[in-house]
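Residue indices begin at 1 and follow the sequence shown. Nothing here was measured: the structure is a model prediction, and the numbers come from that model.
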Amino acid sequence: MPHTLGLIEQTISLPDTDIHFTEAGQGSVLLLIHGSLCDYRYWRWQIPAFSQSHAVIAPSLRGYWPRALQREDPGFGIQQHVEDMLRFMERVRNGRPVHVLGHSRGAQVALEMALRAPQSINGLILADPGFPFDGEPPVQSFRSDVAELLRKGDTESALASFVDAVNGPDTWRRMVSWFKTMVHDNAYTLLAQLQESDRTVRRSDLPALDKPVLLIGGADSPERYVSRLDGLQGILPRAERVTIPLAAHGMNLANPKAFNKAVAGFLHTLEYGAPI
């Protein structure tokens, strides 16, 4: 199946699922892990840029387009995606160093991968993670309201509600058509995602992650993401942080030039000891 950027979709079979992905470039691997309602198409402004210096591999997680869920599925969740991506990573790395970049929900997948297999990951990039830390009081989530709209068949309102909640008011109305198509394709993953709302990251696990970590936030991202970055920056021993101007949660789309520059600079320093 042709990719929208002229890349070719590939497939790797794991024991109980197929992982659909695209790959471009050569060198050390940069594994891109998308967040909620997205798939490998989300990285349309990153794949061409990063493939100039790395082998960029962008998978769609289990349950997302092109084989997106249409109903709740107990096999869907962070833990399953972490296990899938660890197995997938070992299949595609071919002895090369691997860096992992995760956005939003994908940042939790990336972080848990690094905690599970720190020896397998050279550098970690977390963009606006939204997970709860252990010990925090529960907060009222908008996701149950979104799920109810989906169950009633009001997909447009459900997606508008979700996207505006994570990125800011009126974001959905202003989104370009390709993004809306991708989000509609993955709409019903939100039903399955409800079952992982109480999955936390344990602060006590983080100091042992002695890896270079880049924390990225949007200048206009909602406070829930800023507080996650604050918490990680205070605990991870080798974390650095950058803020992308003129962008909110979808920073890699709103300001791809600044986002790509920040990631490229981090990777270049990690691999060559000096910034670009």
Should we count CZ of Arg174 as having more than 12 external heavy atoms under 6.0 Å?
yes

Residue pair Leu267 / Ile125, side-chain heavy-atom distance below 4.5 Å:
yes

Point-to-point distance, once rounded to the nearest 0.5 Å, from CE of Met251 to OG of Ser104
8.5 Å

Check: Glu271/His99 side-chain N/O donor and acceptor closer than 3.5 Å:
yes

Pairs flagged by salt bridge (Lys or Arg N to Asp or Glu O under 4.0 Å) wherever residues 241-255 is involved - sequence neighbours left out:
Asp230-Arg241

Applying a strict under-4.5 Å side-chain criterion to I, L, V, M, F, W and Y, I'd like to know whether Ile57 and Met113 cluster together.
yes

Within the 4.5 Å heavy-atom criterion, are Leu111 and Leu209 side-chain neighbours or not?
yes

Tell me the salt bridge (Lys or Arg N to Asp or Glu O under 4.0 Å) pairs involving residues 250-260, sequence neighbours left out?
none

Give the cluster check for Val263 versus Ile47: same hydrophobic cluster or not, with ILVMFWY residues linked at side-chain heavy-atom distances below 4.5 Å.
yes

Walk me through whether Asp16 and Arg87 qualify under salt bridge (charged side-chain N to carboxylate O under 4.0 Å, His left out).
CA-CA 12 Å; Asp16 60 348; Arg87 290 184 292 176; 3.8 Å; yes

Shortest non-hydrogen contact between Ser161 and Val146, atoms and distance
OG-CG2, 3.8 Å

Leu30, Leu32, Leu124 screened by side chain to side chain contact (heavy atoms under 4.5 Å, CB included) with Val100, the one that passes
Leu124

Beyond-backbone contact of Leu86 with Glu90, side-chain heavy atoms, under 4.5 angstrom
no

Measure the spacing between CG of Asn252 and CH2 of Trp45 and express it to the nearest 0.5 Å.
11.5 Å

Hydrophobic clustering (ILVMFWY, side-chain heavy atoms < 4.5 Å, transitive) - are Val166 and Val176 grouped together?
yes

Candidate pair Thr155 and Tyr188, rule side-chain contact (heavy atoms from CB on, under 4.5 Å), full reasoning:
CA-CA 9 Å; Thr155 306; Tyr188 288 91; 3.3 Å; yes

Show the nearest heavy-atom pair for residues Ala110 and Leu126, with the distance to one decimal.
CB-CD2, 4.1 Å

Regarding Glu72 and Arg151, does a basic nitrogen lie under 4.0 Å from an acidic carboxylate oxygen?
yes

Once you round to the nearest 0.5 Å, how far does OG1 of Thr11 lie from CD of Glu9?
5.0 Å

Any side-chain to backbone donor/acceptor pair from Lys180 onto Trp172? Under 3.5 Å, distance only.
yes

Heavy atoms, side chains only, cut-off 4.5 Å: are Val56 and Trp43 in contact?
no

Side chain to side chain, Glu240 and Gln233, heavy atoms closer than 4.5 Å:
no

Within 45 degrees of the axis of the six-membered ring of Trp65 and under 6.0 Å from its centre: does Arg41 put its NZ or CZ there?
yes

Ser227 side chain to Arg224 main-chain N or O, any donor-acceptor pair under 3.5 Å?
yes

Which heavy atom of Pro245 sits nearest to which heavy atom of Ala219, and what is that distance?
CA-CB, 4.0 Å

Apply side-chain hydrogen bond (donor to acceptor under 3.5 Å, both in side chains) to the pair Gln46 and His103, showing each step before the final yes or no.
CA-CA 12 Å; Gln46 281 66 60; His103 174 255; over 6 Å; no

May I have the step-by-step check of ring-ring contact (aromatic ring centres under 6.0 Å, His included) for His268 and Tyr272, ending in yes or no?
CA-CA 6 Å; His268 195 275; Tyr272 300 104; 4.8 Å; yes

Give the intermediate values and the outcome of ring-ring contact (aromatic ring centres under 6.0 Å, His included) for residues Tyr40 and Tyr42.
CA-CA 5 Å; Tyr40 68 63; Tyr42 182 68; over 10 Å; no

Side-chain donor or acceptor of Asn186 paired with backbone N/O of Thr189 under 3.5 Å
no

Kindly indicate whether the side chain of Leu101, heavy atoms from C-beta on, has any atom under 4.5 Å from the side chain of Ile33.
no

Measuring from atom CD1 of Ile12 to atom CZ of Phe21, what distance do you get when rounded to the nearest 0.5 angstrom?
4.0 Å

Do Ile121 and Leu270 share a hydrophobic cluster, counting only Ile, Leu, Val, Met, Phe, Trp and Tyr and linking them when any side-chain heavy atoms are less than 4.5 Å apart?
no

Any salt bridge linking Glu136 with Arg203? Criterion: basic side-chain nitrogen under 4.0 Å from a carboxylate oxygen.
yes

Given Arg199 and Glu112, is the salt bridge (charged side-chain N to carboxylate O under 4.0 Å, His left out) satisfied, shown in steps?
CA-CA 11 Å; Arg199 186 177 180 86; Glu112 293 198 24; 2.7 Å; yes

From CA spacing to verdict: side-chain contact (heavy atoms from CB on, under 4.5 Å), Thr200, Phe133:
CA-CA 5 Å; Thr200 62; Phe133 289 111; 6.0 Å; no

Arg67, CZ: over 12 other non-hydrogen atoms inside 6.0 angstrom:
no

Between CZ on residue Phe162 and CG on residue Leu149, distance to nearest 0.5 Å
13.0 Å

Could you list the residues that satisfy ring-ring contact (aromatic ring centres under 6.0 Å, His included) with His34, not counting sequence neighbours?
Tyr64

Under the criterion side-chain contact (heavy atoms from CB on, under 4.5 Å), I'd like the reasoning laid out for Val242 against Leu215: C-alpha separation, chi angles, the key distance, then a yes or no.
CA-CA 6 Å; Val242 65; Leu215 305 173; over 6 Å; no

Are Leu14 and Leu31 connected in the hydrophobic side-chain network, where two residues link if heavy atoms are under 4.5 Å apart?
yes

Within the structure provided, determine whether Leu191 and Gln70 are in side-chain contact (heavy-atom separation under 4.5 Å).
no

Taking all non-hydrogen atoms of both residues, which atom of Phe76 and which atom of Leu69 are closest, and how far apart?
CD1-CD1, 3.5 Å

Output, in order, the C-alpha distance, side-chain angles, deciding distance and verdict of side-chain contact (heavy atoms from CB on, under 4.5 Å) for Arg228 and Val201.
CA-CA 10 Å; Arg228 305 303 88 183; Val201 167; over 6 Å; no

Using a strict cut-off of less than 4.0 Å between a Lys/Arg side-chain nitrogen and an Asp/Glu carboxylate oxygen, indicate whether Asp134 and Arg202 qualify as a salt bridge.
no

Work out which heavy atom in Arg96 is nearest to a heavy atom in Ser28; give both atom names and the distance.
CB-CA, 4.5 Å

For Asp128 and Leu229, which heavy atoms make the closest approach, and how far apart are they?
OD1-CD1, 3.8 Å

Going by heavy atoms in the side chains, are Arg105 and Gln108 under 4.5 Å from each other?
no

Return the OG1 to CE distance between Thr181 and Met175, rounded to the nearest 0.5 Å.
13.0 Å

Donor-acceptor contact present, side-chain Asp220 to main-chain Leu246, <3.5 Å
no

